[in-house]
Protein chains: 2
Amino acid sequence: MEKGVPIRSISRSIAALKAINEKGSLSMMEISRASRVPYPTACRIVQTLLYEGLIEQEPSRKRYRATALVQTLSHGFQHRDKLVSCARPHIMDLTREVGWPISIAIRVGRRMMLRDSTHSSTALTFENYYPGFTLPILDSASGKLSLAFAADEEREMLLGWMSEMPEVDLDYLRSAQAGLDVEKIRRDGYAVQGRNHYNRTPGKTSSIAVPIFNDGEFEAAMTMVFFVNAMKLDAALDRYLPTLKRYAAAISSDLSGDGGRA
Amino acid sequence: MEKGVPIRSISRSIAALKAINEKGSLSMMEISRASRVPYPTACRIVQTLLYEGLIEQEPSRKRYRATALVQTLSHGFQHRDKLVSCARPHIMDLTREVGWPISIAIRVGRRMMLRDSTHSSTALTFENYYPGFTLPILDSASGKLSLAFAADEEREMLLGWMSEMPEVDLDYLRSAQAGLDVEKIRRDGYAVQGRNHYNRTPGKTSSIAVPIFNDGEFEAAMTMVFFVNAMKLDAALDRYLPTLKRYAAAISSDLSGDGGRA
DNA sequence: CCATTTTATCCGGCAGGCGGATAGATTATG
DNA sequence: CATAATCTATCCGCCTGCCGGATAAAATGG
């Protein structure tokens, strides 16, 4: 094996497990497509994950879903998660104050990934989203914010990198880039996404994201999600933006201070 | 490939990732030992996990730890976790009442696995433990409880299965079995473990576990952990057992009822 | 009812994955 | 401080574990 070249079947099984987690459950054909492997290979990978107990078949259906055992693959990270330790109390308070769910997301590779959320602590949500859930960059408030606050070179590199993603339509990418007003986002200190599409209830929610800084550097996006039929985007901005900025500033302050040190 | 036989390298990488999560960070040699693969094989697996971004090397140290990205492997399970949905509000209330951390654990294979815990919500703990952390069955309060409430045949099968675990000393297993008073645990409705050894602060804590039922069937163990130097086991039982039983009964009631349905 | 898609399995082929051996670096011990 | 033990890193010949196109049966949708 070449130095640094991954073991193919391991990478493929990771892709399969991520896809199953992302969608909640998938059929074998869907797993094959999502992880870009031939059907017989997907069958073997699924058999291995079943054998390890990480996934199970839904009763009476040819669909596969994660089991509780997947948490043995991820629990080791959490006890040194400074971002979440600082943010968690604040976003719990914020959800109590505004009612809507709040999430914290960072950019990982070419997507945004949730680091924490309060979806499970409010009734004002259609679905619950947990740390690990991912979102596209150009179609989410947090992604646009992250892109806007990136260094110019990093943004160009990232847009170039995204154009290489096999599932991305280049025409779409060009129009999404054209619609991204970096200057305006940086000046206003927020980004929005009308009718979120890339979640489990497409078109039913919209969102507003504000930045969290760590020693002046952009660290994460804090996003409030709300129902499209509850209020218009402009009304949401008028009503909530000041509050969101205030809470994000408090989190930034905690992150930059010595609060987390022993 | 035989039907049902796993892909070897996938199973090995899962073992390695679990071990890294379990200990927080490991050296290459430790990974090799913990996942029972030859050193060069451990190197290749680690390289693959690094390439996938699931682990990283600790700065200036030849030790590897999980990254936030591991959460993409596990988040899909949580949104249909009925046990935790029912238990979470109760154990949060319980930790507020007694101060000590509470955890919910189930048996998975030959070990106990945390499904939820309030360690991160109290100062009365040395370390934080998250869903996915595992414990041995015969050396934890929750494990003894689970074993005691198992059907006789299941218990025999499980004890036999544990004697096949490569890392278990048979002399130790025999003496642990001899010390397990199944009748007493079932009669008293709790199990204890003095000086917990299999956690990150061996010997500094003890624990009491009580059962959670679902329609009369044993479903999970609810455990309170406390400092050895704060009180003796007997004193802890006198002071806390009634409260623990009351909360566990409430969780059992919620689980058995229609509380979780839309 | 028929066309299409999905599920499931087979089996020949080969290169991906393997691990013992080796050398250098680091750590522990006397 | 010297030496032994342990750990890290890599090599390379070997071979079987993993592969995927082909095929048939089952399931689904119009």
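Since this is a predicted model, take the numbers as computed values, not measurements.
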Closest to the [X] side chain, choosing from [options]:
| X | options | value |
| --- | --- | --- |
| B/K62 | D/dT8, C/dT7, C/dG17 | D/dT8 |
| B/R8 | C/dC18, C/dG17, D/dG20 | C/dC18 |
| A/S9 | D/dT8, D/dC19, C/dT9 | D/dC19 |

Exercise. Within 45° of the ring axis of A/F227 and under 6.0 Å from its six-membered ring centre, is that where the NZ or CZ of A/K204 lies?
Worked result: no
For this session: Determine whether any donor atom in the side chain of A/R44 lies under 3.5 Å from an acceptor atom in the base of D/dG20, or the reverse, and answer yes or no.
Result: yes
Expressed in angstrom and rounded to an integer, what is the separation of [X] atom [atom1] from [N] atom [atom2]?
| X | N | atom1 | atom2 | answer |
| --- | --- | --- | --- | --- |
| A/R61 | D/dT28 | CZ | C1' | 14 Å |
| B/Y64 | D/dC7 | OH | P | 14 Å |
| A/M29 | D/dA27 | CE | P | 15 Å |
| B/M28 | C/dT27 | CE | P | 16 Å |
| A/Q47 | D/dG17 | CD | C1' | 14 Å |
| A/L26 | C/dT7 | CG | C1' | 15 Å |
| B/R63 | D/dT6 | CZ | P | 18 Å |

Problem set entry | Contact summary for A/L173 and A/L159, nearest pair of heavy atoms | CD2-O, 4.2 Å
For this session: Provide the closest heavy-atom pair for B/L26 versus B/I31 in the form atom of the first, atom of the second, distance.
Result: CB-CG1, 3.7 Å
Problem set entry | Sorted by number, the residues of residues 30-42 of chain A with heavy-atom contact under 4.0 Å to DNA chain C | A/R33, A/Y39, A/P40
Exercise. Should the pair B/R65-B/E56 be classified as a salt bridge under the 4.0 Å nitrogen-to-oxygen rule?
Worked result: yes
For this session: Could you grab the distance from atom CG of A/L49 to atom CD1 of A/I20, nearest 0.5 Å is fine?
Result: 6.0 Å
Exercise. Got more than 12 heavy atoms from elsewhere within 6.0 Å of CD, A/E154?
Worked result: yes
Exercise. Out of A/N229, A/T125, A/N196, which residue meets the side chain to side chain donor-acceptor pair (under 3.5 Å) rule with A/T205?
Worked result: A/N196
